[in-house]
Trainee: 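Let me give you the structure first, and then I'll get to my questions.
Below, chain A is the first sequence line, B the second, and so on; all start at residue 1. Since the structure is predicted, the reported quantities are computational estimates derived from the model, not experimental observations.
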2 protein chains.
Amino acid sequence: MGEPGNARDGKTRKAARLIDVARLANVSRATAARALGGYGVVTQETQRKVAEAATALDYRVNDLARSMRSGKTLTIGVVVADISNSFTLNSIRGIIDASASAGYQSLVLNTDGDVRREREAIRVLREKRVDGLLVVPASRIEVDHLAGGRGHGAPVVLFDRFIDDLPLDSVITADFEASRAAINLFVQHGHRRIGLLLGTAAHHGHQESEPHDTVSAVRERARGAMAGFADANLTVNSAWVRYAGSVAPTALAAARHLLAQSPRPTAVLAGNEEMLLGALAAAEEIDLTIGQDLSLIGFDDAPWLAVFRPPLSVVQRPTYELGRQAVTLLLSKVEGDRRPNSIVLPATLVSRASVARIGS
Amino acid sequence: MGEPGNARDGKTRKAARLIDVARLANVSRATAARALGGYGVVTQETQRKVAEAATALDYRVNDLARSMRSGKTLTIGVVVADISNSFTLNSIRGIIDASASAGYQSLVLNTDGDVRREREAIRVLREKRVDGLLVVPASRIEVDHLAGGRGHGAPVVLFDRFIDDLPLDSVITADFEASRAAINLFVQHGHRRIGLLLGTAAHHGHQESEPHDTVSAVRERARGAMAGFADANLTVNSAWVRYAGSVAPTALAAARHLLAQSPRPTAVLAGNEEMLLGALAAAEEIDLTIGQDLSLIGFDDAPWLAVFRPPLSVVQRPTYELGRQAVTLLLSKVEGDRRPNSIVLPATLVSRASVARIGS
DNA sequence: CATTTCAATGAGATCGATCTCTTTTTCCAA
DNA sequence: TTGGAAAAAGAGATCGATCTCATTGAAATG
């Protein structure tokens with residue numbers, strides 16, 4: 001007597017379980033499960049009784065128990081490097097919409113580009129027994145945690161980045177081509193001193209040489225730019241190339257450094273939203289007018305670009321669609337497809353007023 | 001024989017369970033659990049054996065089973081109305097950091113301000129047996145799903161919005177005061193024709209009267225503005241007040257409408273990031289110069305505001321801190337604290353060049 | 001040496017839903 | 001009225017970790 005927690009009175013007691021519903025409806029657990037789950041055969045009458053009992057008790061299935069029994073969680077894990085930027089946000093919308101319409105939940109975790117947090121995130125998601133993983137890997141070196149390990153077979157699909165020598169499918173955009181096209185545009189407008197502002201992981205510093213552990217997306221953009229330079233027979237001035245951690249102060253510092261060179265580049269390709277903001281801030285500081293003293297191209301459209309003047313040229317990537325396709329691919333893996341299959345979507349260069357024609 | 005899935009060979013078989021570790025280490029499940037869980041008493045020797053076995057088998061605990069047994073998931077659910085805006089993003093960072101350091105995971109779901117999606121999100125999270133819920137409610141009318149219902153006692157804390165007559169704790173900012181201060185600033189600069197652009201749920205339309213189901217944050221901002229008008233003995237011109245769904249096209253349409261009035265307001269308070277972008281776009285269309293022809297104040301700082309010219313005045317809210325405090329409050333509820341406790345953090349009006357002084 | 005006292009470990013129950021395999025019931029035909 | 005098939009429902013096992021409550025064994029004490 002006095003034992004707390006028994007479900008006698010209707011007040012704030014323990015949550016009703018299937019067995020409580022079954023008792024109230026005067027049937028067995030199995031029958032109650034059939035009635036609620038909509039499988040097997042049940043009388044209309046039984047169906048009604050069970051449904052009534054469930055309503056009366058405010059029964060909600062315990063997803064933990066169900067997943068444990070079924071071995072499926074109907075959940076995918078999404079591990080992104082930077083949840084703040086427009087690219088990721090739109091991709092996530094695509095991911096969530098696509099997985100929801102396939103009956104899957106998405107759990108999104110953010111790593112800020114930190115491999116340790118990524119490893120931790122993947123561990124947690126695996127412990128939660130997600131059915132599949134979509135990962136924007138923070139490193140191309142430390143990748144051991146991506147391979148599932150014995151029996152932890154939840155398939156992994158890489159998002160926006162690929163890793164050489166690792167047999168994982170990926171869904172990416174054509175960064176090389178996009179970057180090359182951006183450089184070509186600069187060249188067509190007469191630019192010959194072109195700077196590169198490339199955002200890398202969120203370390204706090206910037207440098208001129210490619211960091212040893214540079215993710216594919218950035219590397220491809222760098223290589224695409226180099227190809228663009230080669231197209232125009234330009235030699236690369238390494239003082240005009242800057243790799244910087246993707247946080248506002250670092251981006252700003254790198255941009256300042258770039259614009260303090262002499263001679264100063266007349267055009268800058270910014271590798272992501274942070275770098276673009278850094279370039280704009282640095283240019284403002286030394287009174288350079290965008291689209292006049294300095295030409296700019298960024299990566300990825302963002303809402304604020306609609307009101308920024310002058311309008312900025314950007315590489316537009318199919319973010320939402322990228323997310324959708326990644327989910328489709330991942331779920332095919334979840335359902336057992338073993339064929340390797342990577343997807344590359346094209347990017348579009350949108351030319352706006354931020355690229356000026358300069359004297360011949 | 002030939003049965004698939006038995007864990008004999010070391011290849012890609014089933015994931016190791018506790019019992020597999022126990023067998024390999026020649027101990028019972030109970031002992032293995034003690035050794036791995038770090039509770040109870042175990043010999044150094046046993047500890048070593050078990051640890052070795054676990055490593056050898058690449059054992060990972062099954063969180064589903066653990067949570068089921070323990071009744072705790074060490075997870076909180078976060079249901080936000082719009083994951084895209086800077087306010088939410090920063091808040092989420094605060095929420096994630098605070099909950100992580102308390103040993104909790106955060107599951108973030110987005111509703112886009114749609115009550116149906118909110119209801120669904122909360123249902124899913126409750127089925128996943130989260131220990132607590134942080135919700136930015138989309139409606140102040142449809143709130144039945146917020147109350148846990150019999151035994152589904154995961155506590156709920158409201159975030160950024162409160163609901164009258166519902167005994168739920170909330171963590172909000174002083175929107176009334178902030179809004180009033182914004183109007184006061186306009187008035188001090190000589191403005192007497194002041195427009196209001198208030199963002200509501202994501203329906204597609206805009207109107208001059210307050211929608212019946214307006215969330216507290218918006219309502220408080222409206223009332224704060226009214227108080228500001230009263231402070232200056234201004235009567236409200238309802239043609240200068242616009243409630244609009246928080247999606248780009250609607251925001252733009254509402255802003256256009258507002259600026260098409262005759263006489264046209266000389267100053268506009270934009271209730272969120274979308275409305276601010278809408279106002280900027282509409283002003284641009286009819287060649288109004290911000291900080292000259294039109295004064296503007298927005299809500300919440302965003303990264304792009306650092307490079308936008310002229311610098312825009314905004315109400316700055318302590319987003320990250322708001323998230324942290326919400327988690328602290330929620331976790332105290334999770335651990336059984338029953339005392340009602342709501343938190344209001346102050347907002348700061350940051351005055352920048354977008355507010356012009358106009359002739360007396 | 002017998003007995004007490006811990007330290008260390010093991011056996012088995014438990015969490016809640018589902019699923020396989022009976023068992024019971026129903027209904028129709030011979 | 002009885003056999004038999006089909007329909008409906010029930011019993012019990014299962015998923016994997018944890019926790020309570022024995023039980024074992026060894027050291028310590030008289």
Trainee: Quick one: does B:Arg34 reach the base of C:dG10 with a side-chain donor-acceptor pair under 3.5 Å?
Mentor: yes
Trainee: How close or far is atom P of D:dC15 from atom CZ of B:Arg17, stated in whole angstroms?
Mentor: 7 Å
Trainee: Check this for me: does any side-chain nitrogen of one of B:Glu45 and B:Arg48 sit under 4.0 Å from a carboxylate oxygen of the other?
Mentor: yes
Trainee: Taking the basic N atoms (NZ, or NE/NH1/NH2) and the acidic carboxylate oxygens, is any pair closer than 4.0 Å for B:Asp337 and B:Arg339?
Mentor: yes
Trainee: Salt bridge check, A:Arg126 against B:Asp63: does any charged N sit closer than 4.0 Å to a carboxylate O?
Mentor: no
Trainee: Answer yes or no: does a side-chain N or O of A:Thr46 lie under 4.0 Å from OP1 or OP2 of D:dA9?
Mentor: yes
Trainee: Report the residue (B:Ala32 or A:Arg29) whose heavy-atom-nearest nucleotide on DNA chain C is the more 5′ of the two.
Mentor: B:Ala32
Trainee: To the nearest Å, how far apart are A:Asn62 CG and C:dT18 C1'?
Mentor: 12 Å
Trainee: Whole-Å distance between D:dT18 P and B:Lys72 NZ?
Mentor: 15 Å
Trainee: State which of C:dG10, C:dT18, D:dA17 makes the closest approach to the side chain of A:Ala33.
Mentor: C:dT18
Trainee: Does A:Thr43 make a side-chain N or O approach to OP1 or OP2 of D:dA9 shorter than 4.0 Å?
Mentor: yes
Trainee: With a cut-off of 6.0 Å (strictly less than), are more than 12 heavy atoms of other residues, nucleotides or ligands near CZ of B:Arg123?
Mentor: yes
Trainee: Give a yes/no answer on whether the side chain of A:Thr31 brings an N or O atom under 4.0 Å of OP1 or OP2 in D:dG10.
Mentor: yes
Trainee: Please report the distance, rounded to the nearest Å, between CG in A:Leu36 and C1' in D:dA9.
Mentor: 15 Å
Trainee: Name the closest nucleotide to the B:Ala65 side chain, picking from D:dT18, D:dG16, D:dA8.
Mentor: D:dG16
Trainee: For A:Glu142 and A:Arg116: C-alpha separation, side-chain torsions, deciding distance, then whether salt bridge (charged side-chain N to carboxylate O under 4.0 Å, His left out) applies.
Mentor: CA-CA 9 Å; A:Glu142 290 188 59; A:Arg116 282 187 30 221; over 6 Å; no
Trainee: Using heavy atoms to find the nearest nucleotide of DNA chain D for B:Leu64 and A:Val41 separately, return the residue whose nucleotide is more 5′.
Mentor: A:Val41
Trainee: Atom CG of A:Asp20 to atom P of C:dC15: distance rounded to whole Å?
Mentor: 11 Å
Trainee: Of the listed nucleotides (C:dT18, D:dG16, C:dT9), which one gets closest to any side-chain atom of A:Tyr39?
Mentor: C:dT18
Trainee: Can you find a side chain N or O atom of A:Tyr59 that sits less than 4.0 Å from OP1 or OP2 on C:dG16?
Mentor: no
Trainee: Describe the nucleic acid contact of B:Arg69 in one word from base, sugar-phosphate, nothing, applying a heavy-atom distance below 4.0 Å.
Mentor: base
Trainee: Round to a whole Å and report the spacing from CD of B:Glu45 to P of C:dA7.
Mentor: 20 Å
Trainee: Considering only side-chain heavy atoms of A:Ala30, which listed nucleotide, D:dT18, D:dA13, D:dG10, is closest?
Mentor: D:dG10
Trainee: A:Leu18 CG to D:dG10 P: how many Å, rounded?
Mentor: 12 Å
Trainee: Assess whether atom CD of B:Glu335 is packed by more than 12 heavy atoms of other residues, nucleotides or ligands within 6.0 Å.
Mentor: yes
Trainee: Given atom CE of B:Met68 and atom P of C:dA13, what is their separation to the nearest angstrom?
Mentor: 16 Å
Trainee: With sugar-phosphate meaning primed atoms plus P, OP1 and OP2, does B:Ser67 contact a base, only sugar-phosphate, or nothing at under 4.0 Å between heavy atoms?
Mentor: nothing
Trainee: Between C:dG10 and B:Ser28, is there an OP1 or OP2 to side-chain N/O distance shorter than 4.0 Å?
Mentor: yes
